[in-house]
Student: 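Sharing a structure, written as structure tokens. Questions coming.
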Amino acid sequence: MGITYKLGYIFQKPTISQQAGGRNTYYEINEDMANRWREAGDEATTNVPRIGTDANSFVRYRGADIHIQKGDHIRLREVSLTYNIPAKWLNKLLINSGSIGFSANNLGLIWKKNNAGIDPDFIPNSRSLTMSPTPSYNFSLNLNF
């Protein structure tokens, strides 16, 4: 069994990003965009600024400490099991020894401290599309004649 952990660090949760493109400004899609300030009174229910001509409000928002998350986590990297088949079962088949095995890799997080639902080792963003590794499962049969 392989377990790894990281404790005592932080990361910045992805949020709205904007890019200037000539006379236009482009906003990357993010769940924060749906919660943005839209009309007078919204400031009582959201801390996401409105879309406007002042890029400084988004710069300040992206750098705000509300996006800082605890990175502490424990990850289950690998589990493997092997069963040695008793020789008395194999001798009848003219096999000297044998085993059956199973292993699983990249099983995911056992525990994480952040409440944002983000795997701190694989923080998503639209520029690098960082994704968690795919779990893999393997079965084996080893026979010695």
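Just so it is clear, the structure is predicted and the values come from calculations on it, not from any experiment. Numbers for residues simply follow the sequence, beginning at 1.
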Student: Between Leu107 and Arg77, does a side-chain contact (heavy atoms from CB on, under 4.5 Å) hold up when you go through it step by step?
Tutor: CA-CA 6 Å; Leu107 296 174; Arg77 293 268 182 208; over 6 Å; no

Student: Contact between Pro14 and Ile118 at the side-chain level, heavy atoms closer than 4.5 Å - yes or no?
Tutor: yes

Student: Looking only at heavy atoms, what is the nearest atom pair of Ser80 and Ser103, with distance?
Tutor: CB-CB, 3.9 Å

Student: Identify the two heavy atoms, one from Leu90 and one from Gly98, that lie closest to each other, and give their separation to 0.1 Å.
Tutor: CD1-N, 3.2 Å

Student: Identify whether Val79 and Phe139 are in the same connected component of the hydrophobic contact network (ILVMFWY, side-chain heavy atoms under 4.5 Å).
Tutor: yes

Student: Between Ile10 and Gln69, is there a side-chain heavy-atom distance shorter than 4.5 Å?
Tutor: no

Student: Distance-only, no hydrogens or angles: does the Asn114 side chain make a donor-acceptor pair with backbone N or O of Gly71 under 3.5 Å?
Tutor: no

Student: Look only at the side chain of Asn91 and the backbone of Leu94, and say whether a donor-acceptor pair between them is shorter than 3.5 Å.
Tutor: no

Student: For the side-chain contact (heavy atoms from CB on, under 4.5 Å) test, which of Ile85, Leu143, Asn84 pairs with Ser99?
Tutor: Asn84

Student: I'd like to know if the side chain of Asp121 pairs up with that of His73 as donor and acceptor (distance under 3.5 Å, no hydrogens or angles considered).
Tutor: yes

Student: Let me check something: do Trp89 and Ile100 share a hydrophobic cluster, defined by ILVMFWY side-chain heavy atoms less than 4.5 Å apart, either directly or through other members?
Tutor: yes

Student: Would you say Tyr5 has more than 12 foreign heavy atoms packed within less than 6.0 Å of its OH?
Tutor: no

Student: May I ask you to check whether over 12 heavy atoms, not counting those of Asn115, lie within 6.0 Å of atom CG?
Tutor: no

Student: Check Asn106 against Thr134 and note the closest heavy-atom contact, atom names and distance.
Tutor: ND2-O, 3.4 Å

Student: Minimum heavy-atom separation for Phe11 and Lys70, please, with both atom names.
Tutor: CE2-O, 3.4 Å

Student: Just how far is it from atom CZ of Phe102 to atom CG of Asn138, taken to the nearest 0.5 Å?
Tutor: 8.0 Å

Student: Would a single hydrophobic cluster contain both Tyr137 and Met1, if residues Ile, Leu, Val, Met, Phe, Trp and Tyr are joined by side-chain heavy-atom contacts under 4.5 Å?
Tutor: yes

Student: Crowded around Trp111 CH2? As in, over 12 foreign heavy atoms under 6.0 Å?
Tutor: yes

Student: Is it true that Leu76 and Leu109 fall in one hydrophobic cluster, defined by side-chain heavy atoms closer than 4.5 Å?
Tutor: no

Student: Ile95 and Asn144: which non-hydrogen atoms are nearest, and at how many Å?
Tutor: CG2-O, 3.4 Å

Student: Under a 4.5 Å side-chain heavy-atom rule over Ile, Leu, Val, Met, Phe, Trp and Tyr, are Leu141 and Leu93 clustered together?
Tutor: yes

